[in-house]
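Working notes, structure below.
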Amino acid sequence: NRFDSLEPLESSISDSERFKNSAQLTLRCPNCKNEFLFGGIVASNHYTICYNGLKCRNCDHLYSPIQLSCQLERSIRAQISLYYAGWVQCDDSTCNNQTRSISVFGKRCLNEGCTGVMKYRYSDKQLYNQLLYFESLFDVSKNKSQQLKPLYSPDDSDKPTHKLPTSQVAALSEQNRELFEIMNSVVQKYLSDCGRRYVDMKSIFSFMGPP
Ligand SMILES: [Zn+2]
Ligand SMILES: [Zn+2]
């Protein structure tokens, strides 16, 4: 069945593995314009999750729920535009022919002598995973059990020196439940669209092969 990848992913896969190719969520403080990566209720040099929401560490601005949801929605839309730009790429690494126009392409690369196959550079599965990643950041139970994809790699110079205490993360997860549910509903709006479209795209462009 070619819709296999729509089914729930195995719970044995960690978020770090599942979302390894997903783009991080970048936020921009509405007050001081400082840009930073958001990774849920984790230690960061740029933001704090406090009992009543998200606070910029640079200027102490407390995000209103609408300021946060607007920025989340903007990031989702940016990812969806990337997907719709429709770049396809030859899978032969010695060729790497790329084009935006899929209409003139069959499965085969049209570069002379190339036997490669054209594939979506940003696949529907990747977009679907990207939305699931954004959703995970505002998942109360995932935050609580600290199962989120790490915000920083171990050798990142911006990596905070300490972790948040487990009990503090648990308390903050509960205190921000309402806010996180608002954020979750923003992602859900696109996720259900994407799921439906995912099936459509698969049947329309099935000649492209699996992502
Ligand atoms: Zn700020
Ligand atoms: Zn090629």
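Positions are given from 1 along the sequence. In listed order, ligands and their atoms are each counted from 1.
In this structure, Gln79 contributes its side chain and Leu127 its backbone to no donor-acceptor pair below 3.5 Å. Between the side chain of Asp91 and the backbone N or O of Val117 there is at least one donor-acceptor pair closer than 3.5 Å.
Within the 4.5 Å cutoff, no side-chain heavy atoms of Arg57 are placed close to those of Ser44.
Phe180 and Phe138 have perpendicular rings, their planes meeting at more than 60° on a 0 to 90° scale where under 30° would count as parallel.
Protein N, O or S atom count below 2.8 Å of the Zn ion (ligand 2): the structure gives 4.
Taking 2.8 Å as the criterion, Cys29 counts as a coordinating residue of the Zn ion (ligand 1), since one of its N, O or S atoms falls below it.
One distance of note links CH2 of Trp87 with CG of Leu82; it measures 11.5 Å at 0.5 Å rounding. Atom CD of Gln130 sits about 4.5 Å away from atom OH of Tyr122, to the nearest 0.5 Å.
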